[in-house]
Every structure is written in structure tokens, then in C-alpha cells.
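Values below: every heavy atom of this structure, side chains too, minus hydrogens, waters and symmetry copies.
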Amino acid sequence: MKIVVHIDEAAQWQAALEEALPQATVLTSEAPADERKDADYLAVWKAPAHLLQEQTQLKGIINLGAGVDYLLKTPGLPSDVPIVKLRDAGMGELMADYALYGVLHFYRSMDRYSEQQKSATWEPQEVVEKSQWPVGVLGLGAIGSFVASALQQAGFPVLGWSRSPKQISGVHCFHGDDGLSELLGQVQSLITILPDTSATQHILNAERLAQLPQGANVINPGRGSLIDEQALLEALGSGHLRGALLDVFQEEPLPADHPLWQHPKVIVTPHMAAPTPLNDAIDQVIAYLHAFESGEKLSTINPEAGY
């Protein structure tokens with residue numbers, strides 16, 4: 001079995017796979033082309049097109065992250081090779097940390113204190129009950145569900161939304177277009193953890209941002225395509241939205257001249273909310289490889305659906 005790995009710190013992944021699978025040949029994408037071709041499996045994150053195009057006998061591709069949008073758009077992706085992705089694998093806790101920080105940032109008025117500090121203004125802000133600060137979570141897959149539950153356990157009322165009906169203990173779940181509108185009208189903080197698909201691109205457009213209550217905030221650690229950035233800038237500029245914490249963008253890295261960098265109501269982070277933790281993910285990767293080799297039925301990605 002030959003496995004080719006492409007991800008930051010690929011050498012660490014290579015070593016972990018070699019230890020777990022001593023009979024396998026494990027290479028990184030930095031190996032010479034004649035050595036890495038004819039791989040049985042690719043374990044990749046944002047693989048270059050040439051790595052896909054040079055393969056002729058793949059049995060499976062393991063996406064080393066939860067989002068598959070980049071992979072599905074990569075030229076040369078074979079249409080007949082099954083794709084699996086990491087499901088949570090430690091990313092849920094990291095994403096929950098990021099989301100909770102964002103909610104607390106606005107809930108405890110840290111954005112206002114930052115502004116006050118610039119003018120040496122000493123003015124404590126009112127702290128409302130958490131029960132008066134409903135939080136919305138768009139996307140209730142493995143990671144979104146984890147985030148929603150974590151926020152609920154932190155004491156916030158949580159409203160969740162997905163395309164199809166879901167049930168999560170302690171979370172008020174909505175679905176469909178009507179459910180999305182109902183949720184948007186109620187939340188103070190909105191967190192987006194949806195996949196990048198044709199149905200979710202710019203799901204937060206000007207119309208839907210306007211449905212949020214006056215003074216609401218947006219936290220996006222999901223996908224950059226979910227928010228119409230120009231519509232967001234206009235909603236912030238008009239004062240309808242109080243602020244935004246953004247980890248993902250339509251173009252990455254975010255261009256240095258993009259207005260989001262300098263916007264006083266925006267915090268920009270460099271797509272760091274939930275990196276794939278090796279120790280938590282490696283067992284899942286190994287399980288996938290064993291399942292592929294033994295012919296077990298796996299839950300694979302539907303390229304048409306985008307997840």
C-alpha cells in the first residue's frame with residue numbers, strides 16, 4: 001500500500017502513518033514525481049492539481065479536514081475515486097473555543113472597551129443575563145453540532161439551523177428557508193459553520209443580514225463564501241450590525257488592501273479557528289485506510305452536494 005501525504009507539517013503525518021502501518025510505503029508530496037505516482041491513497045489538505053493528475057490507480061482520497069470545497073474544485077480530481085473527510089477529529093473543540101471567544105467578545109462588550117481605551121474613557125458597560133443573548137449556529141454537522149452544544153452548556157440559548165431537520169439536546173433547531181428567517185430574527189450572535197456549496201454561497205446576503213436584529217454580530221469560522229463581504233461592509237457601515245469576527249474569506253490570504261483589514265468593527269484572523277490536530281486525526285485516517293483495504297462501506301463525499 002502506497003500513501004502520499006500533502007499537508008503542512010507533512011513529515012509528522014508521514015512518521016505517524018509509518019509507525020501505525022509499518023508495511024505501507026508512506027511518502028510526502030515533496031518526494032520525486034516518479035516515486036509518488038501510482039499511489040493507492042492520497043491523504044491531503046489543499047492538494048495541488050498536479051498531485052491528483054499524476055495518479056492512475058487511486059483507491060481512495062482522505063481529505064485531512066472537514067471542508068472539501070477546495071478539493072472538489074481542484075482540476076484533475078478523478079470522478080470515480082471515493083473521497084472521505086475527517087469528521088470532527090478534534091476540530092470541534094477548537095472551533096467551539098473560537099466561537100465561544102467570539103460570543104463572549106461581544107457579550108462582555110470587549111469591542112466597546114477597546115474603543116474606549118483609545119480615548120481613555122472609563123465607562124463600565126451593562127452585562128445582560130446570558131438568557132437574553134440568543135446565539136445562532138448555521139450548520140449542524142459534526143462540528144456545528146459540537147459548537148452548538150458547547151455554547152448551550154456555556155449558558156447561552158442556542159438556535160441551530162440546517163437544510164434538513166435535526167435534533168440536538170438543549171438546542172432549538174430550525175431548517176429550510178422559513179426556519180432560517182425565523183432564526184435570523186432572534187439572535188444576537190450568529191455563527192456560520194456551513195460547507196461551501198452552491199446552495200450556501202452568499203447565504204448571508206444583504207437581505208438576510210438585514211433580518212438580524214439591530215446591533216447583532218457575525219462570527220464566521222466556516223467558509224469565506226458564506227457571506228457577501230460587500231453586503232457585510234454595508235451592514236457594518238450603516239450601524240445595523242455591531243461587529244464581526246472573521247476567520248475565512250472569499251480570497252485567502254485576505255489581500256492587504258481589503259477594507260476588512262482596517263475596519264474598526266471587524267476582527268480578522270488568518271483561517272486558524274480549527275486546524276487539524278494530528279494526534280486526534282491520525283486514528284481516523286488509519287481507520288479509513290483499513291476500511292478501504294477491507295472493502296467496508298464508508299460514508300463518502302457526494303461531489304454534487306459538496307459534502
Side-chain angles (χ1 to χ4, degrees), residues 1-87 89-91 195-197 223-225 248-255 270-272 274-296 298-307:
M1 176 169 53
K2 182 189 287 188
I3 308 159
V4 176
V5 180
H6 179 88
I7 191 172
D8 290 343
E9 302 178 343
Q12 295 182 28
W13 288 79
Q14 179 186 27
L17 286 169
E18 286 176 335
E19 181 179 357
L21 303 167
Q23 304 304 316
T25 298
V26 186
L27 303 170
T28 75
S29 57
E30 297 299 314
D34 62 339
E35 294 182 21
R36 65 178 187 245
K37 70 178 183 179
D38 297 330
D40 296 298
Y41 302 101
L42 295 180
V44 298
W45 177 248
K46 295 191 174 181
H50 69 79
L51 184 62
L52 298 171
Q53 293 165 354
E54 68 193 19
Q55 303 301 329
T56 60
Q57 59 182 45
L58 284 176
K59 300 177 185 178
I61 299 174
I62 302 172
N63 189 69
L64 297 178
V68 294
D69 44 291
Y70 186 97
L71 178 63
L72 295 179
K73 294 174 183 176
T74 303
L77 179 68
S79 60
D80 58 344
V81 175
I83 301 169
V84 293
K85 69 175 185 176
L86 296 185
R87 299 183 183 277
M91 291 178 284
D196 176 14
T197 70
R223 292 288 174 264
S225 62
V248 288
F249 305 89
Q250 293 177 16
E251 181 181 352
E252 294 184 1
L254 187 64
H271 203 144
M272 46 61 71
T276 305
L278 172 60
N279 290 339
D280 288 306
I282 196 68
D283 289 344
Q284 199 170 126
V285 172
I286 292 165
Y288 277 139
L289 291 168
H290 285 314
F292 274 127
E293 286 291 284
S294 63
E296 293 179 29
L298 287 167
S299 177
T300 57
I301 298 301
N302 181 342
E304 293 184 4
Y307 57 90

Determine whether a donor-acceptor pair (N or O, by modelled atom type, separation under 3.5 Å) exists between the side chain of [X] and the backbone of [Y].
| X | Y | result |
| --- | --- | --- |
| N63 | G67 | yes |
| E35 | P32 | no |
| K2 | L27 | no |
| Q250 | S225 | no |
| E54 | D34 | no |
| K85 | A66 | yes |

Between [atom1] on residue [X] and [atom2] on residue [Y], distance to nearest 0.5 Å:
| X | Y | atom1 | atom2 | result |
| --- | --- | --- | --- | --- |
| L42 | I3 | CG | CD1 | 10.0 Å |
| T197 | N302 | OG1 | CG | 11.0 Å |
| L17 | I282 | CG | CD1 | 4.0 Å |
| K46 | L71 | NZ | CG | 11.5 Å |
| I301 | Y307 | CD1 | OH | 10.0 Å |
| Q57 | Y41 | CD | OH | 10.5 Å |

For the student: nearest non-hydrogen atoms of R36 and A31, plus distance: NH1-O, 2.7 Å

Heavy-atom closest contact (P82 atom, T300 atom, distance): CB-CG2, 4.0 Å

Quickly, which of V84, I61, D40 forms a side-chain contact (heavy atoms from CB on, under 4.5 Å) with F292? Name it, please. V84

I need the single residue from L64, I7, L51 that forms a side-chain contact (heavy atoms from CB on, under 4.5 Å) with V44. Which is it? L51

Is a donor from one side chain sitting under 3.5 angstrom from an acceptor on the other, for T28 and E30? no

Return each pair, listed once, that meets side chain to side chain donor-acceptor pair (under 3.5 Å) where at least one residue sits in residues 3-16; pairs must be two or more places apart or across chains. H6-S29

Is the shortest heavy-atom distance from the side chain of [X] to the side chain of [Y] under 4.5 Å?
| X | Y | answer |
| --- | --- | --- |
| L86 | D280 | no |
| K73 | D196 | yes |
| K59 | M1 | no |
| H290 | E296 | no |
| R223 | P195 | no |

Suppose we screen for side chain to side chain donor-acceptor pair (under 3.5 Å). Which residues come up paired with T276, at least two apart in sequence or across chains? none

